[in-house]
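One structure is given here, and the rest of the page talks about it.
Atoms within a ligand are numbered from 1 in the order they appear, just like the ligands themselves.
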Amino acid sequence: MRSVEGRWIEVADRVLVRRHTELDLSVGLVVGDGGCLVVDTRGDERQGAELAAEVRRITRDPWTVVITHSHFDHSFGTRPFLDCPVWAHEGCRTDLVENGAAARDVWARWYRERGEDGIADDIAGTEIVLPDRLVTGGAELSVGGRAVVLAHFGPGHSGNDLVVHVPDAEVVFAGDLVENGAPPDYEDAFPLGWPAALDGLLGLLGPAGGTVVPGHGDPVDRGFVVAQRAETAAVAELCREVAAGRMTPEEAVRLSPYPEETTRVALGRPVAVG
Ligand SMILES: [Zn+2]
């Protein structure tokens with residue numbers, strides 16, 4: 001029996017973040033009167049069950065799940081939460097249908113090669129749950145009487161990023177559109193769309209305030225997101241220049257705000273948005 005991992009932080013009135021050592025992952029919990037919303041479910045069924053048990057220590061109210069995007073570490077832990085509504089962008093469902101099983105194999109192998117057989121087995125044995133409440137542009141939920149807005153601002157970190165806004169608390173769960181403590185992950189990204197997606201996210205916050213919860217790392221403020229928006233815009237421009245043949249990849253790597261590996265991955269992604 002592995003020990004329970006993670007700790008809760010209350011970032012605003014009844015809006016909680018659970019921080020995990022594994023992948024530095026942050027997931028969310030919004031508690032209303034008679035209902036709650038779980039934002040992301042972690043990376044496999046065992047981790048999801050652990051999260052579900054920890055949510056139950058906070059509230060006994062029925063839950064709804066929202067998945068910020070299809071990547072395994074945010075979406076594979078859903079099964080222990082069933083039966084409940086599972087919200088996501090429509091592209092999240094499509095990606096899980098088309099690529100979920102392959103991603104499960106890839107990540108199980110990734111953990112096994114690192115000698116983490118326990119997590120590898122957990123991922124390999126996970127049943128991928130498809131979201132059943134699909135969002136195209138946006139949706140508004142009532143979580144125990146509390147308004148929660150789901151919004152998609154176009155392709156960015158992935159093709160199916162959904163941000164979760166709790167207006168009464170000025171909290172936005174950003175998924176991996178915002179990353180704290182490591183460079184943003186461009187593996188599955190649309191570099192030219194990323195800055196616009198962050199503009200959309202910033203538009204949800206007041207000019208001064210708000211808390212933004214990244215998919216990985218500690219919560220951040222508006223200024224952090226403004227800075228990351230500028231960095232992703234710089235990377236988008238470098239991608240555009242290299243694609244147009246006006247710059248070599250080596251120059252782009254030199255000028256990039258991010259490490260070489262991150263920049264090279266970004267340069268390899270589609271230049272068209274979406
Ligand atoms: Zn991701």
Side-chain angles (χ1 to χ4, degrees), residues 17-28 38-44 47-48 51 65-78 86-108 110-111 119 123 126 128-131 135 150-164 172-198 200-201 212-220 225 228-229 231-232 235 258-259 261-263 265-266 268-270 273-274:
V17 176
R18 191 159 177 84
R19 298 277 294 116
H20 298 92
T21 309
E22 182 59 36
L23 302 179
D24 203 18
L25 189 77
S26 294
V27 305
V38 176
V39 183
D40 286 345
T41 58
R42 305 187 66 197
D44 60 53
Q47 292 179 5
L51 175 62
V65 164
V66 58
I67 303 296
T68 59
H69 63 298
S70 53
H71 292 160
F72 86 102
D73 45 337
H74 303 264
S75 67
F76 277 16
T78 303
V86 180
W87 290 82
H89 185 260
E90 59 186 358
C92 175
R93 181 186 170 100
T94 306
D95 190 48
L96 288 171
V97 168
E98 292 178 355
N99 305 311
R104 182 172 54 199
D105 292 347
V106 164
W107 288 105
W110 188 86
Y111 276 104
I119 299 178
I123 293 178
T126 285
I128 297 168
V129 171
L130 301 178
V135 178
L150 311 181
H152 172 67
F153 295 113
H157 164 74
S158 75
N160 58 81
D161 305 307
L162 203 59
V163 308
V164 180
V172 176
F173 293 93
D176 288 354
L177 280 170
V178 176
E179 178 121 24
N180 181 14
D185 174 13
Y186 278 88
E187 206 68 49
D188 210 14
F190 297 85
L192 270 56
W194 203 321
L198 289 179
L201 189 161
V212 176
V213 182
H216 304 267
D218 282 322
V220 299
V225 180
Q228 198 151 93
R229 192 263 176 222
E231 291 170 350
T232 60
V235 170
Y258 294 136
E261 192 187 339
T262 300
T263 307
V265 170
R269 293 294 301 159
V273 176

query: Pick one: which of S70, P131, P155 meets side chain to side chain contact (heavy atoms under 4.5 Å, CB included) with N160?
result: S70
message: Name the residue from I67, D40, T68, V65 that meets the side chain to side chain contact (heavy atoms under 4.5 Å, CB included) definition with S75.
response: I67
- request: Mind checking salt bridge (charged side-chain N to carboxylate O under 4.0 Å, His left out) for D105 and listing every partner two or more places apart, or none if nothing turns up?
  value: none
query: Which of parallel (below 30°), tilted (30 to 60°) and perpendicular (above 60°) describes Y258 and Y186?
result: tilted
message: Just verifying a value: how many Å separate E90 CD and D95 CG, rounded to the nearest 0.5 Å?
response: 12.5 Å
task: Enter the distance from E22:CD to Q47:CD here, rounded to the nearest 0.5 Å.
output: 6.0 Å
- prompt: What protein N/O/S atoms lie closer than 2.8 Å to the Zn ion (ligand 1)?
  reply: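 Only H69 NE2, H71 ND1, H157 NE2, D176 OD2 fall inside 2.8 Å of the Zn ion (ligand 1).
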